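Since the structure comes first, as structure tokens, the remarks are kept for the end.
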There are 2 protein chains.
Amino acid sequence: MGTGLDLRRNQLFQGLNGCDLADLLSRARQKSIAKGSAFFHEQEQAAHCHLLTGGQIKLTQNSVEGGQLVVRFLGAGEVFGWAMVLGTTHYPGTAEAVTDSVALVWEAETMREAMLAHPTLALNALELVGGRLHEAQERLLELATERVERRIARAVLRLMAQAGRPAAKGVEVAFPLSRQDLADAVGATLHTVSRILASWEQRGVLGGGRQRLVVLLPDWLEALVDDRAIGQL
Amino acid sequence: MGTGLDLRRNQLFQGLNGCDLADLLSRARQKSIAKGSAFFHEQEQAAHCHLLTGGQIKLTQNSVEGGQLVVRFLGAGEVFGWAMVLGTTHYPGTAEAVTDSVALVWEAETMREAMLAHPTLALNALELVGGRLHEAQERLLELATERVERRIARAVLRLMAQAGRPAAKGVEVAFPLSRQDLADAVGATLHTVSRILASWEQRGVLGGGRQRLVVLLPDWLEALVDDRAIGQL
DNA sequence: CGCCGCATTGACGATAATCAAACGACGTGG
DNA sequence: CCACGTCGTTTGATTATCGTCAATGCGGCG
């Protein structure tokens, strides 16, 4: 569709033959969402299944008294909002576009039928969810056992790996994210994050500014994550 | 097999016809593990898929520097240790028996073939993992936004729902668990958990002792979880 | 030009970790 | 059967990490 995204290479569609894929695609609808709006909101009835073909989104969950958690950031090619396919009737989170975004949308029922007809598709989905579960448990371990600074370092490295783009000096995270977002991703407050990032900036580990993040010394962050106390100054 | 566990009712096997189920079962091996030992350890090569038919186990993950997280407690009828089916080559955690336990064990490959042959099975698995993912994300939100006391309350209520057994007075958690286990389940230290449980005991919310837990006032815990500050004394 | 949302910074306080010690129950072996 | 040792638990004192409260600065957008 001219977006440069080859769906045959998508993890979800591996092993599916061309005709079947085309058939499945013909059953999808396209949905465009402007930056700042959402594909769906937490607690809404979940009847669809989404595949992001362009743009970037942020999956969030809200606790009763104001707390927010960024479940994950995602970019083109990733599946999301498929609660119904996974056996949940309501969306567990909100999918907000942080960039103008486009997604393919199927009726959950259509996707389930396709999986029954093409077990490969179901197995691919199983691996996909398996991967997400694995990640979630890794994060749980980190959140339960590590302190804030290291968790932030991990988050930054992940963002770099996922949305990194070489910049004038260092690697820029091509993803508009506020300190608040980062805080919500690691389970900390805006303030703590700001302080820590500021200290990293002083040491020349990081650059950036308003909604931007540029990693200058990834190795330094890796060292911080891989424990050892780092040669301080 | 005389364990009183009806596998036809198992979530994983729903919608599978009797013959196919019998066939699949005939391909399983049985494995017994004594209390204190493990079905498998974190980081081991994962070539199998397990279904607990008797006993109780504890799934744990260890962080580099000593921290431990209890991923989940589970009882008869639950699937576990199927990393390979979910696309991971090594077990992400350890499955330790807290009671003498028995499990059916398949080669991961066998299970994958069965899923290809019976898409229903794959869809059931997908829902199962979907549920686990959902739980994991809920825990992430809690861990990131709530205080220790409330997290403990939640954990206790969950344990009660999962392994509760009416006792002389109140409901006993039929699961041998130490304060340390509970601490590792909520991301706190043994000491903090001990203190909080002690305070609950004083108020008559809880009873129990060494490795035992008896909930006397579940409503009180629910109130604690559902926020509002509770009428103190 | 002025407002609004994002970010920075400081002071303070509290939650929960860490350090430290002792107790009680249970199981084991003498 | 009792003594002993181990493991789980309790409790106290102290500290530190991080959240809360508060105020100000900055940059973009209307």
Side-chain angles (χ1 to χ4, degrees), chain A residues 34-36 58 63 65-70 96 98 142-156 173 175-203 205-214 224 229, chain B residues 34-36 58 63 65-70 96 98 142-156 173 175-203 206-214 224 227 229:
Chain A
K35 169 176 178 172
K58 189 173 76 174
S63 78
E65 55 257 341
Q68 176 156 305
L69 174 78
V70 173
E96 181 188 335
V98 296
E142 291 162 15
L143 203 50
T145 64
E146 290 174 349
R147 18 197 68 147
V148 176
E149 188 174 26
R150 186 176 297 185
R151 299 206 305 270
I152 299 178
R154 281 190 199 278
V156 171
V173 174
F175 203 107
L177 72 71
S178 67
R179 313 290 171 180
Q180 182 69 60
D181 290 331
L182 196 49
D184 292 343
V186 300
T189 60
L190 157 67
H191 310 278
T192 314
V193 170
S194 181
R195 275 186 248 275
I196 290 177
L197 291 198
S199 90
W200 288 354
E201 262 181 79
Q202 280 189 332
R203 300 186 193 192
V205 176
L206 217 80
R210 194 189 181 74
Q211 312 248 73
R212 282 181 62 243
L213 215 55
V214 181
L224 179 58
Chain B
K35 169 176 175 172
K58 189 172 75 176
S63 77
E65 56 256 342
Q68 176 156 304
L69 174 78
V70 173
E96 181 190 337
V98 296
E142 290 162 16
L143 203 50
T145 64
E146 289 174 351
R147 302 204 183 310
V148 175
E149 189 175 26
R150 186 176 294 187
R151 299 207 303 270
I152 299 177
R154 279 190 201 278
V156 171
V173 174
F175 203 105
L177 71 71
S178 67
R179 314 289 165 173
Q180 182 70 61
D181 289 332
L182 197 48
D184 292 342
V186 301
T189 61
L190 157 66
H191 310 276
T192 317
V193 169
S194 181
R195 276 185 245 274
I196 289 177
L197 291 198
S199 88
W200 289 354
E201 263 182 77
Q202 281 189 332
R203 300 186 195 192
L206 216 81
R210 195 192 179 75
Q211 312 247 69
R212 281 180 63 243
L213 215 56
V214 182
L224 179 57
D227 126 52

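Because only heavy atoms are used, hydrogens play no part in the values below, and waters and symmetry mates are left out as well, while side chains stay in. Below, read A as the first sequence line, B as the second, and so on, with proteins coming before strands; counting in each chain starts at 1. Predicted, not measured: the structure shown is a model, and the values here were computed from it.
- The interatomic distance linking B:Asp184 (CG) with D:dG8 (C1') rounds to 14 Å, in whole Å.
- Neither OP1 nor OP2 of C:dC6 sits under 4.0 Å from any side-chain N or O of A:Ser178.
- Put simply, CZ on B:Arg147 is 16 Å from P on C:dG13, counting in whole angstrom units.
- Considering every non-hydrogen atom in both B:Val186 and B:Ala155, the closest pair reads CG1-CB, 3.6 Å.
- The nearest heavy atom of DNA chain C to B:Thr189 and to A:Gln180 marks one nucleotide each, and the one closer to the 5' end goes with A:Gln180.
- Spacing between atom CZ of B:Arg179 and atom P of D:dT10 amounts to 4 Å, rounded to whole angstrom units.
- Separating the NZ atom of B:Lys35 from the P atom of D:dC7 is a distance of 14 Å, rounded to the nearest angstrom.
- A:Gly187 and B:Ala144 make their closest contact through CA-CB, 3.9 Å (heavy atoms, listed as atom of the first residue, atom of the second, distance).
- Comparing D:dT9, D:dG19, C:dA7 by their closest approach to the side chain of A:Ser194 singles out C:dA7.
- B:Arg195 comes within 4.0 angstrom of a base, heavy atoms only.
- A distance of 12.5 Å separates CZ of B:Arg154 from CD of B:Glu149, quoted to the nearest 0.5 Å.
- Nucleic acid contact class of B:Arg210 (heavy atoms, under 4.0 Å, all strands): base.
- Residue-level contact check: B:Gly67 touches neither bases nor backbone, having no heavy atom under 4.0 Å from any strand.
- Considering only the side chain of A:Gln211, C:dA7 comes nearest among D:dG19, C:dA7, D:dG8.
- Rounded to a whole Å, the CD1 atom of A:Ile196 is 14 Å from the C1' atom of C:dT8.
- Here the side chain of A:His191 is nearest to one of D:dT20, D:dT10, C:dA16, namely D:dT20.
- Summarising the geometry, the separation between CG on B:Leu177 and P on D:dG8 is reported as 12 Å, rounded to the nearest angstrom.
- Taking atom CH2 of B:Trp200 as the reference point, atom C1' of D:dT11 lies 18 Å away to the nearest angstrom.
- Rounded to an integer number of Å, the gap from A:Leu190 CG to D:dT20 P is 11 Å.
- Although no hydrogens or angles enter the test, the distance criterion places no donor-acceptor pair under 3.5 Å between the side chain of A:Arg151 and the main chain of A:Glu142.
- The backbone N or O of B:Asp181 lies less than 3.5 Å from no partner atom in the side chain of B:Asp184, so there is not a single donor-acceptor pair.
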